[in-house]
Student: 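Encoded as structure tokens, here's the structure I'll be asking about.
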Amino acid sequence: MNPIPIDLIGEDHIGTSLETPMRANAFEINDEKKIELIENHFKEIMHILGLDLNDDSLSGTPFRVAKMYVKEVFSGLNPVNKPETKLFENKYEYNEMLIEKDITLYSYCEHHFVPIIGKVHVAYISNGQVIGLSKINRLVQYYAKRPQVQERLTNQIAEGLKEALESDDVAVIIDATHLCVSSRGIKDTKTSTITAHYSGKFQDEKTKTEFISLTK
């Protein structure tokens, strides 16, 4: 399947699948080699832009960017970095929704490689098992640490939680600012984008409304 020509896409915001687009041999080279290769390519980008790489302030930038890409902001591309989750018996017999609110979101728009910054609100209803609260944050961060579109990120977090919790009773809301909108192009700094996913018991309007009201 050939990609859509860039002149047809233009500045349009598009998404293609639930899964992050990855080539089949994405992990045939290790992280250290990836850092080396990205460093060399980024040197060339900086050179083309006209920057002096002999300057003390700039000389280490290619390595820093390469390390940041591989080890930090795009580390969620590698499945070995997916956080392990362990379920515990719901001994408290708490059967209402549990909400983890205002989880800090830092991701990167896959169209321009600039940040997406916002908050994630997550809820689930126990089916007899519970998960450690920090694991919810880690799962959100795992999917955020890759080039993303917000719609896909919302669904990936939801599906990841369903898998971890062994339950469909999950809800996710993301409210985020896209720097591809605020720092370039239209340069609108006042808007944010909201996406949501409701499944299982959260498809009930009363339960959904309660979740939304508690996240405001």
Student: Count the heavy atoms of every other residue, nucleotide or ligand shown that sit under 6.0 Å from CD of Glu163, and state whether that count exceeds 12.
Tutor: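 Counting other residues, nucleotides and ligands, CD of Glu163 stays at 12 neighbours or fewer.
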
Student: So do Phe88 and Ile131 actually touch side chain to side chain, heavy atoms under 4.5 Å?
Tutor: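 Side-chain contact under 4.5 Å: no.
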
Student: Working to the nearest 0.5 Å, report the span between CG of Asp52 and OG of Ser59.
Tutor: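 Taking CG in Asp52 and OG in Ser59, the distance rounds to 9.5 Å.
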
Student: Could you give the distance from CD (Glu39) to CD (Glu36), rounded to the nearest 0.5 Å?
Tutor: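 Rounded to the nearest 0.5 Å, the CD-CD separation comes out at 7.5 Å.
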
Student: Counting C-beta onward and ignoring hydrogens, is there a side-chain heavy-atom pair between Val114 and Tyr108 closer than 4.5 Å?
Tutor: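 Counting from C-beta outward, Val114 and Tyr108 never come under 4.5 Å.
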
Student: Does Tyr106 OH have over 12 foreign heavy atoms under 6.0 Å away?
Tutor: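 Atom OH in Tyr106 is not crowded, with 12 or fewer foreign heavy atoms closer than 6.0 Å.
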
Student: Applying side-chain contact (heavy atoms from CB on, under 4.5 Å), run through Gln129 and Glu166 and close with a yes or a no.
Tutor: CA-CA 9 Å; Gln129 301 182 99; Glu166 300 176 4; 3.5 Å; yes

Student: Is the number of heavy atoms from other residues, nucleotides or ligands within 6.0 Å of CD1 (Ile48) greater than 12?
Tutor: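 Above 12, so yes.
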
Student: Apply the side chain to side chain contact (heavy atoms under 4.5 Å, CB included) test between His121 and each candidate in Ile173, Leu214, Ile212; give the one that qualifies.
Tutor: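 Among the candidates, only Ile173 passes.
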
Student: Give, for atom CG of Leu133 and atom CZ of Arg138, the distance between the pair rounded to the nearest 0.5 Å.
Tutor: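 Interatomic distance, Leu133 CG to Arg138 CZ, rounded to 0.5 Å: 12.0 Å.
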
Student: Output yes when a side-chain donor or acceptor of Asn155 lies under 3.5 Å from a complementary backbone atom of Leu18, and no otherwise.
Tutor: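 No: the side chain of Asn155 does not pair with the backbone of Leu18.
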
Student: Would you please classify the geometry between the Phe211 ring and the Phe202 ring as parallel, tilted or perpendicular, with 30° and 60° separating the classes?
Tutor: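 Judged by the thresholds at 30° and 60°, the geometry between Phe202 and Phe211 is perpendicular.
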
Student: Of all heavy-atom pairs between Asn127 and Ser167, which one has the smallest distance, and what is that distance?
Tutor: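 Where Asn127 meets Ser167 most closely, the heavy atoms are ND2-CB, 3.8 Å.
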
Student: What do the steps show when you test Ile125 against Thr207 for side-chain contact (heavy atoms from CB on, under 4.5 Å), and what is the final call?
Tutor: CA-CA 10 Å; Ile125 298 172; Thr207 306; 4.3 Å; yes

Student: So, does Glu89 use its side chain to make a donor-acceptor pair with the main chain of Gly128 at under 3.5 Å?
Tutor: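 The answer is no, because no donor-acceptor pair under 3.5 Å joins these two groups.
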
Student: Donor-acceptor pair, distance only, cut-off 3.5 Å: does the side chain of Lys101 make one with the backbone of Lys216?
Tutor: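 Yes: the side chain of Lys101 pairs with the backbone of Lys216.
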
Student: When you check the side-chain N and O atoms of Asn90 and Ser126, is any donor under 3.5 Å from an acceptor?
Tutor: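 Result is yes, a qualifying pair exists.
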
Student: NZ of Lys67: more than 12 outside heavy atoms within 6.0 angstrom?
Tutor: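 12 or below, so no.
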
Student: Under 6.0 Å between ring centres: does that hold for Phe74 and Tyr69?
Tutor: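 Ring centres of Tyr69 and Phe74 closer than 6.0 Å.
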
Student: Decide yes or no for Lys162 and Glu159: does some side-chain heavy atom of the first lie under 4.5 Å from some side-chain heavy atom of the second?
Tutor: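 Yes - at least one pair of side-chain heavy atoms lies under 4.5 Å apart.
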
Student: For the residue pair Arg152 and Glu19, establish whether any side-chain heavy-atom pair is separated by less than 4.5 Å.
Tutor: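 Side chain of Arg152 against side chain of Glu19, heavy atoms only: no contact under 4.5 Å found.
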
Student: Can you find a pair of side-chain heavy atoms, one from Gln203 and one from Lys208, that are under 4.5 Å apart?
Tutor: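 They are not in side-chain contact.
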
Student: Looking at every non-hydrogen atom in both residues, tell me the closest pair between Ser107 and Ala144 and how far apart they are.
Tutor: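 Nearest pair, atom of Ser107 first, then Ala144: OG-O, 2.6 Å.
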
Student: Taking the side chain as C-beta and beyond, is there a heavy-atom pair between Leu161 and Leu139 under 4.5 Å?
Tutor: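 Side chain of Leu161 against side chain of Leu139, heavy atoms only: contact under 4.5 Å found.
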
Student: Quick one: CG on Asn78 to CG on Asn30, what's the gap to the nearest 0.5 Å?
Tutor: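 With rounding to 0.5 Å, CG (Asn78) is 10.5 Å from CG (Asn30).
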
Student: Please assess His178 against His111 for the test side-chain contact (heavy atoms from CB on, under 4.5 Å), listing each intermediate value before the final yes or no.
Tutor: CA-CA 11 Å; His178 293 239; His111 299 134; over 6 Å; no

Student: Quick check on the hydrophobic clustering: are Leu77 and Val80 connected, directly or via other members, by side-chain heavy-atom contacts under 4.5 Å?
Tutor: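 No; tracing contacts between hydrophobic side chains, which count when under 4.5 Å, never links both residues.
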
Student: Find out whether the Lys NZ or Arg CZ of Arg146 is both under 6.0 angstrom from the six-membered ring centre of Tyr142 and within 45° of the ring's axis.
Tutor: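 Yes, a cation-pi geometry.
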
Student: Can you tell me how far the CG atom of Leu153 sits from the CD1 atom of Ile116, to the nearest 0.5 Å?
Tutor: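 Reported value, rounded in 0.5 Å steps: 7.0 Å.
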
Student: Following the transitive rule for hydrophobic clusters with a side-chain heavy-atom cut-off under 4.5 Å over Ile, Leu, Val, Met, Phe, Trp and Tyr, establish whether Leu165 and Val120 coincide in one cluster.
Tutor: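 Both belong to a single hydrophobic cluster.
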
Student: Taking side chain as C-beta onward, heavy atoms only, is Thr104 less than 4.5 Å from Lys119?
Tutor: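 Result yes, sub-4.5 Å side-chain heavy-atom pair found.
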
Student: Please check this pair: side chain of Asn25 against backbone of Glu28, looking for a donor-acceptor N/O pair closer than 3.5 Å.
Tutor: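 Here the side-chain-to-backbone pair does not exist.
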
Student: Side chains of Ser199 and Asp168: is there a donor and an acceptor less than 3.5 Å apart?
Tutor: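 No, Asp168 and Ser199 have no side-chain donor paired with an acceptor closer than 3.5 Å.
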
Student: Out of curiosity, does Ile38 fall in the hydrophobic cluster containing Ile29 (side-chain heavy atoms, cut-off under 4.5 Å, transitive links)?
Tutor: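 Hydrophobic grouping puts Ile29 apart from Ile38.
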
Student: Taking all heavy atoms of Pro62 and all of Leu58, pick out the closest pair and write down the distance.
Tutor: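 So the two residues come closest at CD-O, 3.5 Å.
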
Student: Are Glu151 and Thr195 linked by a side-chain donor-acceptor pair shorter than 3.5 Å?
Tutor: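 There is no such pair (donor and acceptor under 3.5 Å, judged by atom type) between the side chains of Glu151 and Thr195.
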
Student: For salt bridge (Lys or Arg N to Asp or Glu O under 4.0 Å), just list the numbers for Lys135 and Glu84, CA-CA rounded to whole Å, side-chain angles, deciding distance to a tenth of an Å, and then say yes or no.
Tutor: CA-CA 8 Å; Lys135 296 300 184 183; Glu84 294 184 5; over 6 Å; no

Student: To the nearest 0.5 Å, tell me how far Ile136 CD1 sits from Ile157 CD1.
Tutor: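 Answer rounded to 0.5 Å: 11.5 Å.
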
Student: Classify the side-chain pair Gln156/Thr20 by whether it contains a donor and acceptor separated by less than 3.5 Å.
Tutor: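 A donor-acceptor contact under 3.5 Å links the two side chains.
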
Student: In terms of hydrophobic clustering (I, L, V, M, F, W, Y; side-chain heavy atoms under 4.5 Å; direct or indirect links), are Val172 and Leu98 co-clustered?
Tutor: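 Yes, one cluster joins them.
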
Student: Hey, quick one: are Ile117 and Phe113 part of the same hydrophobic cluster, counting side-chain heavy atoms closer than 4.5 Å, chains of contacts allowed?
Tutor: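 Different hydrophobic clusters.
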
Student: Heavy atoms only: give me the nearest Ser75-Asn81 pair and the separation to one decimal.
Tutor: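 So the minimum-distance heavy-atom pair works out to O-ND2, 2.9 Å.
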
Student: Would Leu105 and Ile103 count as a side-chain contact (heavy atoms from CB on, under 4.5 Å) if you check the C-alpha gap in whole Å, the side-chain angles of each, and the deciding distance to 0.1 Å?
Tutor: CA-CA 6 Å; Leu105 171 68; Ile103 300 171; over 6 Å; no

Student: Does any N or O in the side chain of Asp188 come within less than 3.5 Å of the main-chain N or O of Ser182, such that one atom is a donor and the other an acceptor?
Tutor: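 Such a contact is absent between Asp188 side chain and Ser182 backbone.
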
Student: So, Gln148 side chain and Tyr143 main chain: donor-acceptor pair closer than 3.5 Å or not?
Tutor: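 Checking the backbone N and O of Tyr143 against the side chain of Gln148, a donor-acceptor pair under 3.5 Å is found.
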
Student: Are the side chains of Pro115 and Val73 in touch, meaning some heavy atoms are under 4.5 Å apart?
Tutor: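 SC-SC contact between Pro115 and Val73 ruled out.
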
Student: Tell me whether Lys71 is salt-bridged to Glu32, with the criterion being a basic N under 4.0 Å from an acidic carboxylate O.
Tutor: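 Glu32 and Lys71: salt-bridged.
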
